[in-house]
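Just so you know, residue 1 is the first one in the sequence shown, and it goes up from there. These numbers come from a predicted model, not from an experiment.
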Amino acid sequence: MSVTKPSLPKGTRDFSPLEMVKRNYIYDTIKTVFKKYGYAEIQTPSMENLQTLTGKYGDEGDKLIFKILNSGDYLAKVDEQLLASKNSNATISKISEKALRYDLTVPFARYVVMHQSEIAFPFKRFQVQPVWRADRPQKGRYREFYQCDADVVGSPSLLNEAEFVLIYHEALTNLGLKDFDIKINNRKILSGIAEIIGKPELIVDMTVAIDKLDKIGLDGVSKELLERGFTEADIEKLKPVILLEGTNEEKLESLKSVLAGSETGLKGIEEIETVFNYVSKLTTDNSKLTTVIELDITLARGLNYYTGCIFEVKTNEVAMGSIGGGGRYDDLTGMFGLKDLTGVGISFGADRIYDVLEELNLFPTSAQQGTKVLISNFDEAAELFALPLLQQLRDANIAAELYPASVKLKKQMSYADAKSIPYVVLIGEEEMQSGKLTLKDMVSGEQQKLTATEIVEKLK
């Protein structure tokens, strides 16, 4: 029997105990802020019915959904002509009824519709779970990754959008980030631009193209727009808008002039101004927060379901894609039969945030530590002597271990080093007789003689 060399699918990872401590630090920090703003946690299954997910993310998104093959002989009932045609798109619906979730927003919309009789609206929920995308793996982009989402449905108030700006700012500041931008735009402004050009039917094509400005540049965007049905004249009209500069206020004034003939576009400008106004009223340190909010007209968030304000967060401290994003969707639940229920949500890219904090060395010591103290084990008598101390430490909520065998001290100290345990208690014959135990600081090498009670107090 041949031995299979163990491996992982590309774009997925194992997480060590140390990595999990750091990841949970990120999740707990973000969850604390979500709860502070009135959001409650739910969870949904890893898999959804394929029809639940299809058609919600645009053509490009649909291609990235991981499909799950039906159980059993899934090819038996497929028409032979269809199989012979080798048309995977036509065949997939016959052999796959389920898929791994692509994001947390569409499953949330499905959840709201299925549980609407139990929900008090507006409904504010957050969710921290993995999602899967059949994307090409690269730095900061994985096929399996966690999202931290918060959404509120059943409220059209732009106060929700303003609070999301505050949530982003507070959570990322609490994680130690100092230089980041919270970019904001409005799909109504983009619709207005498409109207002014005279191509309202190409709004999705336009947004998908200009959303790539920071990746492919103006020339790349222009080329893609031409391929999507725009003319050189259209692009000339678009350029001043795409390359808009100045303060947020100056950009808005310029847009008011450009979009004077578009009611939709002016409505989008009004919504952005309202959000900025709420943020200024909600912020005690207004100047600091307003410097990180940027009106970015090229921000399009190429997802079909956004209808109002859209967000994206980028750090300036590390070369990384967006670390968060979201927006307003007016009728996402309508796809599942519950009409006219507006919602707005944001997402934190936890995996990218992890990479940023790691690169900047921003994880606090407390987020890198598991066991705080190891009690040595010299022999059976020392082991029995140590047990009450072990329980005292744990009763005081100090993470403690007793080495489970009386092996050479060198091996026990190596174990403490390998797990980055900062303290070791040494209990030999002298310590048991005197009641004064040796506490060794593994970082400095310093040793102290302390009673069990004193050790507990010192390590609290």
Subject >> Side chain proximity check, Asn186 to Ile189, heavy atoms < 4.5 angstrom >> reply: yes
**OP:** Run the salt-bridge test on Arg143 and Asp135 with the 4.0 Å N-O cut-off and return the result as yes or no.
**Re:** no
**OP:** For Lys56 and Thr54, indicate whether the former's side chain and the latter's backbone hold a donor-acceptor pair under 3.5 Å.
**Re:** yes
Original post:
If you measure from the Lys or Arg side-chain nitrogens to the Asp or Glu carboxylate oxygens, is any gap between Lys183 and Glu294 under 4.0 Å?
Top reply: yes
**OP:** Say whether, by atom type as modelled, one donor and one acceptor occur between the side chain of Glu383 and the main chain of Glu380 under 3.5 angstrom.
**Re:** no
Original post:
In this structure, are over 12 heavy atoms from other groups packed under 6.0 Å from Met114 atom CE?
Top reply: no
Original post:
Are Lys449 and Glu430 within salt-bridge range, i.e. N to O under 4.0 Å?
Top reply: yes
Original post:
Can you name the nearest heavy-atom pair linking Leu50 to Ser96, along with the distance?
Top reply: CD2-O, 3.7 Å
Original post:
Crowded around Lys31 NZ? As in, over 12 foreign heavy atoms under 6.0 Å?
Top reply: yes
Original post:
If you count the non-hydrogen atoms of other residues, nucleotides and ligands that lie under 6.0 Å from CD in Gln116, is the total more than 12?
Top reply: yes
**OP:** Output yes when a side-chain donor or acceptor of Asp151 lies under 3.5 Å from a complementary backbone atom of Ile346, and no otherwise.
**Re:** no
Original post:
side chain to side chain contact (heavy atoms under 4.5 Å, CB included) between Ser46 and Arg101: does it pass, once the steps are laid out?
Top reply: CA-CA 6 Å; Ser46 298; Arg101 62 169 171 252; 4.1 Å; yes
**OP:** Considering only NZ, NE, NH1 and NH2 on the basic side and carboxylate oxygens on the acidic side, decide whether Glu401 and Lys419 come within less than 4.0 Å.
**Re:** yes
**OP:** Output the distance between atom OG1 (Thr298) and atom CG (Leu213), rounded to the nearest 0.5 Å.
**Re:** 5.0 Å
**OP:** Determine the minimum heavy-atom distance between Leu459 and Leu393, stating which atoms define it.
**Re:** CD1-CD2, 4.2 Å
Subject >> Note: Glu457-Lys460 ion pair, threshold 4.0 Å (strictly below) >> reply: yes
Original post:
Between atom CD of Glu97 and atom OG of Ser71, what is the distance when rounded to the nearest 0.5 Å?
Top reply: 9.0 Å
**OP:** Starting from the C-alpha separation in whole Å, work towards a yes-or-no answer on side chain to side chain contact (heavy atoms under 4.5 Å, CB included) for Asn185 and Cys309.
**Re:** CA-CA 6 Å; Asn185 195 12; Cys309 286; over 6 Å; no
**OP:** For residues Ala99 and Leu53, report the shortest heavy-atom separation together with the two atoms involved.
**Re:** CB-CD1, 3.9 Å
Original post:
Under 3.5 Å, side chain of Ser322 to main-chain N/O of Glu312, donor-acceptor pair present?
Top reply: no
Original post:
Side-chain donor-acceptor pair under 3.5 Å between Asp149 and Ser347, yes or no?
Top reply: yes
Original post:
Does Ser254 reach the side chain of Leu244, with side-chain heavy atoms less than 4.5 Å apart?
Top reply: yes
**OP:** Could you walk me through whether Tyr146 and Tyr27 pass ring-ring contact (aromatic ring centres under 6.0 Å, His included), step by step?
**Re:** CA-CA 10 Å; Tyr146 273 72; Tyr27 302 144; 5.5 Å; yes
Subject >> Centroid separation Tyr39 to Phe126 less than 6.0 Å >> reply: no
Subject >> NZ or CZ of Arg133 within 45° of Phe145 ring axis and under 6.0 Å >> reply: no
Original post:
What is the distance from atom CG of Asp395 to atom CD of Gln391, rounded to the nearest 0.5 Å?
Top reply: 4.5 Å
Original post:
Can Arg125 be said to sit on top of Phe108's aromatic six-ring, NZ or CZ under 6.0 Å from centre and within 45° of the ring axis?
Top reply: yes
Original post:
Take atom CD in Glu429; do more than 12 heavy atoms of anything else shown fall under 6.0 Å from it?
Top reply: no
**OP:** Considering non-hydrogen atoms only, spot the tightest contact between Leu172 and Val313 and give its length.
**Re:** CD1-CG1, 3.5 Å
Original post:
Do the ring planes of Phe121 and Phe123 sit parallel (below 30°), tilted (30 to 60°) or perpendicular (above 60°)?
Top reply: perpendicular
Original post:
Are the charged groups of Glu271 and Arg328 less than 4.0 angstrom apart, N to O?
Top reply: no
Original post:
Would you say the side-chain atoms of Glu163 and Tyr278 include a donor-acceptor pair closer than 3.5 Å?
Top reply: no
Original post:
Would you call Lys251 and Asp296 a salt bridge, using N to O less than 4.0 angstrom?
Top reply: no
Subject >> Trace of the side chain to side chain contact (heavy atoms under 4.5 Å, CB included) decision for Glu317 with Leu177 >> reply: CA-CA 8 Å; Glu317 297 174 81; Leu177 295 182; 3.9 Å; yes
Subject >> Lys/Arg-Asp/Glu bridge criterion (N-O < 4.0 Å) met for Glu48, Lys98 >> reply: no
**OP:** Would you check, one step at a time, whether the test salt bridge (Lys or Arg N to Asp or Glu O under 4.0 Å) holds for Lys212 with Glu224?
**Re:** CA-CA 10 Å; Lys212 299 175 183 175; Glu224 187 161 330; 3.1 Å; yes
Subject >> Whether over 12 other heavy atoms sit under 6.0 Å from Gln51 CD >> reply: no
Original post:
Is it true that the side chains of Glu273 and Asn277 contain a donor and an acceptor less than 3.5 Å apart?
Top reply: no
Original post:
Has Glu245 got more than 12 heavy atoms of other residues, nucleotides or ligands less than 6.0 Å from its CD?
Top reply: no
**OP:** Indicate the atoms forming the closest heavy-atom contact of Thr44 with Gln127, along with that distance.
**Re:** OG1-NE2, 2.9 Å
Subject >> Residue pair Phe336, Val106: steps toward the side chain to side chain contact (heavy atoms under 4.5 Å, CB included) verdict >> reply: CA-CA 10 Å; Phe336 304 120; Val106 171; 4.0 Å; yes
Original post:
Side chain of Asn49, backbone of Thr52: donor and acceptor closer than 3.5 Å?
Top reply: no
Original post:
Any ion pair linking Glu358 and Arg23 (charged N to carboxylate O, less than 4.0 Å)?
Top reply: no
**OP:** Answer yes or no: are there more than 12 heavy-atom neighbours, outside Met47 itself, under 6.0 Å from its atom CE?
**Re:** no
Subject >> Flag, side chain of Thr12 to backbone of Pro9, donor-acceptor distance under 3.5 Å >> reply: yes
Subject >> Flag, side chain of Asp62 to backbone of Gly55, donor-acceptor distance under 3.5 Å >> reply: yes
Original post:
Could you state the interatomic distance from CD1 (Ile375) to CG (Leu390), rounded to the nearest 0.5 Å?
Top reply: 5.0 Å
Subject >> Side-chain donor or acceptor of Tyr168 paired with backbone N/O of Gly325 under 3.5 Å >> reply: yes
Original post:
Yes or no on side-chain hydrogen bond (donor to acceptor under 3.5 Å, both in side chains) for Asp379 and Ser406, after CA distance, side-chain angles and deciding distance?
Top reply: CA-CA 5 Å; Asp379 53 34; Ser406 53; over 6 Å; no
Original post:
Hey, are the side chains of His169 and Ile182 touching, using non-hydrogen atoms and a 4.5 Å cut-off?
Top reply: yes
Original post:
For the atom pair CG (Leu437) and CG (Leu450), what is the distance rounded to the nearest 0.5 Å?
Top reply: 8.0 Å
**OP:** Classify the side-chain pair Thr342/Asp330 by whether it contains a donor and acceptor separated by less than 3.5 Å.
**Re:** yes
Original post:
Just by modelled atom types, is the Val131 backbone N or O under 3.5 Å from a matching donor or acceptor in the Gln147 side chain?
Top reply: no
**OP:** Of all the heavy-atom pairs spanning Asn248 and Leu295, show the shortest one and how long it is.
**Re:** OD1-N, 2.8 Å
Original post:
Does Glu431 come within less than 4.0 Å of Lys436, counting only side-chain N to carboxylate O?
Top reply: no
Original post:
Given the side-chain rings of Phe363 and Tyr354, with only the six-membered ring counted for Trp, is the space between their centroids under 6.0 Å?
Top reply: yes
Original post:
Can any side-chain N or O of Asn160 pair as donor or acceptor with the backbone N or O of Ser157 at less than 3.5 Å?
Top reply: yes
